[in-house]
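Data first, discussion second: the structure below is written as structure tokens.
All values below come from the heavy atoms of this structure, side chains included, with hydrogens, waters and symmetry mates left out.
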Amino acid sequence: MAEQTKAARRTPLTRDRVLRAAVVLADDIGIEALSMRKLAQELGVVPMALYKHVANKEQLLDGMVDVVVGEIEPPVAGADWKSAVRRRILSARRALVGHSWAAQVIRTRSGPTPAVLAYMDSVIGMFRTGGFSVDLTHHAMHALGSRMMGFTQELFDASPGPDPRTRPARPQEDAGEYPYVRELAGAVAHDEGSVVGQGCDDQFEFEFALDLLLDGFERLRRQGWSSAGRSGGRTT
């Protein structure tokens, strides 16, 4: 261990090394526990040395997002638009599955990082070269939302409290209030091992929604759909 620490100290500190070490550390201890002090310890340097490469923790988190996005497979040349978009998005999801904290950090960014912008540009390009108008591409990107990045933005985060299927029922629930919610909660199970973030966003649910959207986009493309003249529709 002492030899490893000495070797780490001899290796020049670069921004890329800092960011990649931060990703590995967050994978190990969780994003909430990550701090500049712990990262400096891991790298065998004093905390102030990190600030030559990242100005603060927010900039560190931005860079960590870019490292994760950099793991997404490049676009496949020659594929039809639907296969290309689907493959790209599922590759993004695999990157997030490998870093359980990443979706949470992406949600908290105030704007897209350079790597996220490049990824978005490639997805937009797949629609445009696949025969989509700028108008339809604009609305397709809105419909995809966070799914473009490989995760579904849940309406409610998973609660740390008891599972509603197993906790004692309240009197109004015994009386039959919310019967369909209880029916669904009791009947549906999700693959916890493939969930990104928290909630019900497992692989099957994600692909189910993604395929519905892609099929709908293709139908609109074939129809030559336009938002022009529609109530509230605009192309800006």
Side-chain angles (χ1 to χ4, degrees), residues 1-75 88-123 145-154 156-161 191-199 201-203 206:
M1 182 63 70
E3 289 301 318
Q4 288 179 349
T5 301
K6 287 179 183 178
R9 286 174 177 164
R10 286 195 298 268
T11 305
L13 200 61
T14 63
R15 177 179 169 82
D16 183 67
R17 186 178 163 220
V18 168
L19 297 178
R20 292 186 183 281
V23 167
V24 172
L25 188 57
D27 289 343
D28 185 37
I29 66 174
I31 199 67
E32 292 82 5
L34 178 68
S35 68
M36 300 295 269
R37 180 183 60 80
K38 288 180 180 177
L39 179 57
Q41 261 183 337
E42 189 72 13
L43 288 164
V45 299
V46 297
M48 286 304 296
L50 300 180
Y51 292 100
K52 296 178 182 177
H53 305 281
V54 287
N56 49 48
K57 188 172 180 182
E58 286 304 302
Q59 195 177 99
L60 176 69
L61 294 174
D62 284 347
M64 291 168 66
V65 167
D66 280 354
V67 170
V68 174
V69 172
E71 296 177 7
I72 301 173
E73 295 175 6
R88 194 95 160 108
I89 289 175
L90 292 182
S91 178
R93 184 173 177 85
R94 285 192 295 274
L96 296 190
V97 168
H99 306 284
S100 60
W101 48 269
Q104 173 190 340
V105 173
I106 290 170
R107 284 196 297 263
T108 63
R109 298 304 84 204
S110 59
T113 64
V116 170
L117 275 174
Y119 171 76
M120 289 174 63
D121 188 74
S122 76
V123 174
S146 67
R147 288 188 184 91
M148 178 192 63
M149 297 302 304
F151 67 95
T152 302
Q153 184 74 51
E154 296 280 5
F156 301 109
D157 288 334
S159 169
D191 176 14
E192 297 298 330
S194 70
V195 168
V196 169
Q198 296 178 321
D201 185 25
D202 69 5
Q203 190 69 21
F206 184 84

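With rounding to the nearest 0.5 Å, the separation of CG in L25 from CE in M64 is 8.0 Å. Taking CH2 of W101 as the reference point, atom CG of L96 lies at 9.0 Å (rounded to 0.5 Å). Atom CE of M148 and atom OG of S122 lie 9.0 Å apart (nearest 0.5 Å). Rounding to the nearest 0.5 Å gives a distance of 7.5 Å between CD of E42 and CG of D28. Atom CG of residue L61 and atom CG of residue L19 lie 10.0 Å apart, to the nearest 0.5 angstrom. L43 contributes atom CG, which lies 14.5 Å from atom NZ of K38 (distance to the nearest 0.5 angstrom).
Shortest non-hydrogen contact noted between L50 and A40 is CD1-N, 3.8 Å. Minimum heavy-atom separation, A115 to V69: O-CG1, 3.6 Å.
The main-chain N or O of F206 is never found under 3.5 Å from a side-chain atom of T152 such that the two would form a donor-acceptor pair. No donor-acceptor pair under 3.5 Å is formed between the side chain of Y119 and the backbone N or O of M149.
Side chains of V68 and V105 form no contact here, defined as non-hydrogen atoms less than 4.5 Å apart. A heavy-atom distance below 4.5 Å is found between the side chains of L34 and I31. In this structure the side chain of V116 reaches within 4.5 angstrom of the side chain of M120, judged on heavy atoms. For the pair L13/H53, a side-chain contact is recorded, criterion being any heavy-atom separation below 4.5 Å from C-beta on.
Checked by atom type, the side-chain pair R17/T11 shows no donor-acceptor distance below 3.5 Å.
For residues 60-75, the set of pairs meeting the side chain to side chain donor-acceptor pair (under 3.5 Å) definition, not counting sequence neighbours, comprises D62-R109, D66-T113, E71-H99, E73-R94.
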Using side chain to side chain contact (heavy atoms under 4.5 Å, CB included), reason through M36 and N56 one step at a time and then give a plain yes or no. CA-CA 8 Å; M36 300 295 269; N56 49 48; over 6 Å; no
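Other residues, nucleotides and ligands contribute at most 12 non-hydrogen atoms within 6.0 Å of the NZ atom of K52.
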